[in-house]
Protein chains: 2
Amino acid sequence: MPAEAKVEARSARSAAPATPPLTERQEARRRRILRASAQLASRGGFDAVQMREVAESSQVALGTLYRYFPSKVHLLVATMQDQLEHMHGTLRKKPPSGETAAERVAETLMRAFRALQREPHLADAMVRALTFADRSVSPEVDQVSRQTTAIILDAMGLADPTPAQLSAVRVIEHTWHSALITWLSGRASIAQVKIDIETVCRLIDLTDPDTGA
Amino acid sequence: MPAEAKVEARSARSAAPATPPLTERQEARRRRILRASAQLASRGGFDAVQMREVAESSQVALGTLYRYFPSKVHLLVATMQDQLEHMHGTLRKKPPSGETAAERVAETLMRAFRALQREPHLADAMVRALTFADRSVSPEVDQVSRQTTAIILDAMGLADPTPAQLSAVRVIEHTWHSALITWLSGRASIAQVKIDIETVCRLIDLTDPDTGA
DNA sequence: CGCTAATCTAGAACAAGTTTCAGACTTGAT
DNA sequence: ATCAAGTCTGAAACTTGTTCTAGATTAGCG
């Protein structure tokens, strides 16, 4: 029988279908790797996360690093999952105060944006990885997307959204990601991102089953 | 005095401030390079565009290729500029037929989307490069963005848009790029992209100075 | 305990983007 | 026609992501 179970995509909750539980030491390794990844990313962004350095930093052989995360993009997307969970927890504690759903969503996203501004390099690494990811990372990217959707729906305060509302949420996510990229690459100001977020959030009112179209 | 002028960012119109004109042979080299890039990209997407192969394919030394395009991302973004010009020309010939501005924009974007579907690998290479570009490529990416904006404004049929309308256009572009990415990475269907585009285009009506909010 | 299969480690090796360099070639000016 | 300065070429070198290998370790089972 195997000694330590096969290591694969890890996820927050019960999403993973067949992920054998990790040993304590394995869980610890995984943590060390993610911590090193975030640390290096915080310094110099995407480029500063070098696999050899991550391995050394987390006291793990390069081959092992690749066993846990099959590519740099996988690693950074996993790092993002990790950070997103934090974020969601933090956001839950102080629900947004806006009157309308649109206001609350915009407020929540701006709060998240401010958090990202505190670690712009880390944001750079995570977002670039997310948009650069190819099909082999789809499951992980999808998980990030679901988590983001959950955060937005939370802010809207909706139990069961209509299809139109889900469309609006998807568009908001698109805008969120793309606006972040333009900000990170210095092509848009913080103010600009704020405007874009507020603009797209008006779509929510438009799809409100009571008042919208 | 210099023999052949310094090669730098090239742009469609008068945007470049100080780009000495290229020799005929230089212009020809540049063309060959872009053609090779598009050709390789059409085959296997981003990964298939290998600088050594582009150089060989376009009968240019590797060092020369790097003189014309300082990185793979620069090259692919330039390739996108090139393709966008084609596209804009093509789109101009058959203006969209929709009643409202929103309909016309959605129609135009869907037409562009269909064109991309014909060369999904090329689309992959260009879009991935665009979103992966860091600050050093900002001017070129910005040029692509301006060109895209021009296409959308064309479709709206607007001479001088209001700030609110420009915001809407920016959000539409965000959605357009991000939706393309989700499609390219297999996380969204063509139908899904269509819905997202149509959804975000409703923002236009919302900002119409006559009828909107 | 002692086995056995899987995991982990160290390090070499490979791949593709990027840089560098010496020498041949072009260009525009004199 | 000649020259100086800038370009192009071919090839090697360097960087960093990724793969591979042989041997040491570890985990669970009988």
Side-chain angles (χ1 to χ4, degrees), chain A residues 1-8 19-33 36-37 40-41 43-77 125 128-129 132-134 136-137, chain B residues 1-8 19-33 36-37 40-41 43-77 125 128-129 132-134 136-137:
Chain A
M1 275 284 185
E4 301 191 19
K6 184 172 44 174
V7 174
E8 266 169 14
T19 303
L22 301 183
T23 308
E24 255 182 55
R25 310 186 60 191
Q26 289 181 315
E27 194 56 52
R29 271 187 209 107
R30 185 165 194 283
R31 281 277 144 63
R32 286 204 306 276
I33 293 173
S37 168
L40 288 170
R43 291 234 203 308
F46 188 89
D47 293 331
V49 180
Q50 303 194 354
M51 299 304 270
R52 284 172 240 264
E53 282 208 40
V54 172
E56 189 176 358
S57 237
S58 51
Q59 311 241 261
V60 138
L62 191 55
T64 305
L65 172 53
Y66 273 94
R67 173 184 277 273
Y68 280 71
F69 302 97
S71 79
K72 174 169 171 172
V73 169
H74 280 87
L75 170 58
L76 284 172
V77 170
R128 296 261 292 286
F132 192 59
D134 66 3
S136 72
V137 204
Chain B
M1 274 286 187
E4 301 190 20
K6 186 172 44 176
V7 174
E8 267 169 13
T19 303
L22 300 184
T23 308
E24 254 183 54
R25 309 185 60 190
Q26 288 181 317
E27 194 55 53
R29 271 187 208 110
R30 184 165 196 283
R31 281 279 145 63
R32 287 204 306 275
I33 293 173
S37 168
L40 288 170
R43 292 235 201 307
F46 188 90
D47 293 331
V49 180
Q50 304 196 351
M51 298 304 268
R52 284 175 241 263
E53 281 209 39
V54 172
E56 189 177 357
S57 238
S58 50
Q59 311 241 262
V60 138
L62 191 55
T64 305
L65 172 52
Y66 273 95
R67 173 184 277 273
Y68 280 71
F69 302 98
S71 79
K72 174 169 171 170
V73 169
H74 281 87
L75 170 58
L76 284 172
V77 171
R128 296 262 292 286
F132 191 59
D134 65 4
S136 72
V137 205

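So that the names make sense, note that chain A is the first sequence line, chain B the second, and so on, each numbered from 1.
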Under 4.0 angstrom between A:Q26 side-chain N/O and D:dA27 OP1 or OP2: no
Distance below 4.0 Å between A:Y68 side-chain N/O and C:dC8 OP1 or OP2: yes
For the pair made of [atom1] in [X] and [atom2] in [N], what is the distance, rounded to whole Å?
| X | N | atom1 | atom2 | result |
| --- | --- | --- | --- | --- |
| A:R128 | D:dG17 | CZ | P | 13 Å |
| A:H74 | D:dT19 | NE2 | C1' | 16 Å |
| A:E56 | C:dT9 | CD | P | 13 Å |
| B:L65 | D:dT7 | CG | C1' | 15 Å |
| B:D47 | D:dG17 | CG | P | 15 Å |
| B:D134 | C:dT18 | CG | C1' | 14 Å |
| A:R67 | D:dT21 | CZ | C1' | 14 Å |
| A:R25 | D:dA24 | CZ | P | 18 Å |

Given C:dT18, C:dC8, D:dG17, the nucleotide with the shortest approach to the side chain of A:Y66: D:dG17
Approximate separation, where rounding is to 0.5 Å, of [X] [atom1] and [Y] [atom2]:
| X | Y | atom1 | atom2 | value |
| --- | --- | --- | --- | --- |
| A:R32 | A:L65 | CZ | CG | 11.5 Å |
| A:Q26 | A:T64 | CD | OG1 | 10.0 Å |
| A:M51 | A:F69 | CE | CZ | 9.0 Å |
| B:R128 | B:L76 | CZ | CG | 10.5 Å |
| B:L75 | B:Y68 | CG | OH | 13.0 Å |

Under 3.5 Å, N/O pairs linking protein and nucleotides 10-16 of chain D:
| from | atom 1 | to | atom 2 | distance (Å) |
| --- | --- | --- | --- | --- |
| D:dT16 | OP1 | A:Q50 | NE2 | 3.2 |

Salt bridge (charged side-chain N to carboxylate O under 4.0 Å, His left out) partners of B:R31, counting only residues at least two apart: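 If we apply the salt bridge (charged side-chain N to carboxylate O under 4.0 Å, His left out) test to B:R31, skipping adjacent residues, the hits are B:E27.
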Bend angle of the helix from C:dC1-D:dG30 to C:dT30-D:dA1, end axes from five pairs each (to 10°): 10°
Donor-acceptor under 3.5 Å (A:T23 side chain, A:R25 main chain): no
Cationic tip of A:K72 above A:F132 ring, under 6.0 Å, 45° of axis: no
Nearest non-hydrogen partners of B:A125 and B:A41, listed with the distance: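 Closest approach of B:A125 to B:A41: CB-CB, 3.7 Å.
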Touch class at under 4.0 angstrom, heavy-atom based, for A:E53 against every strand present: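 No contact.
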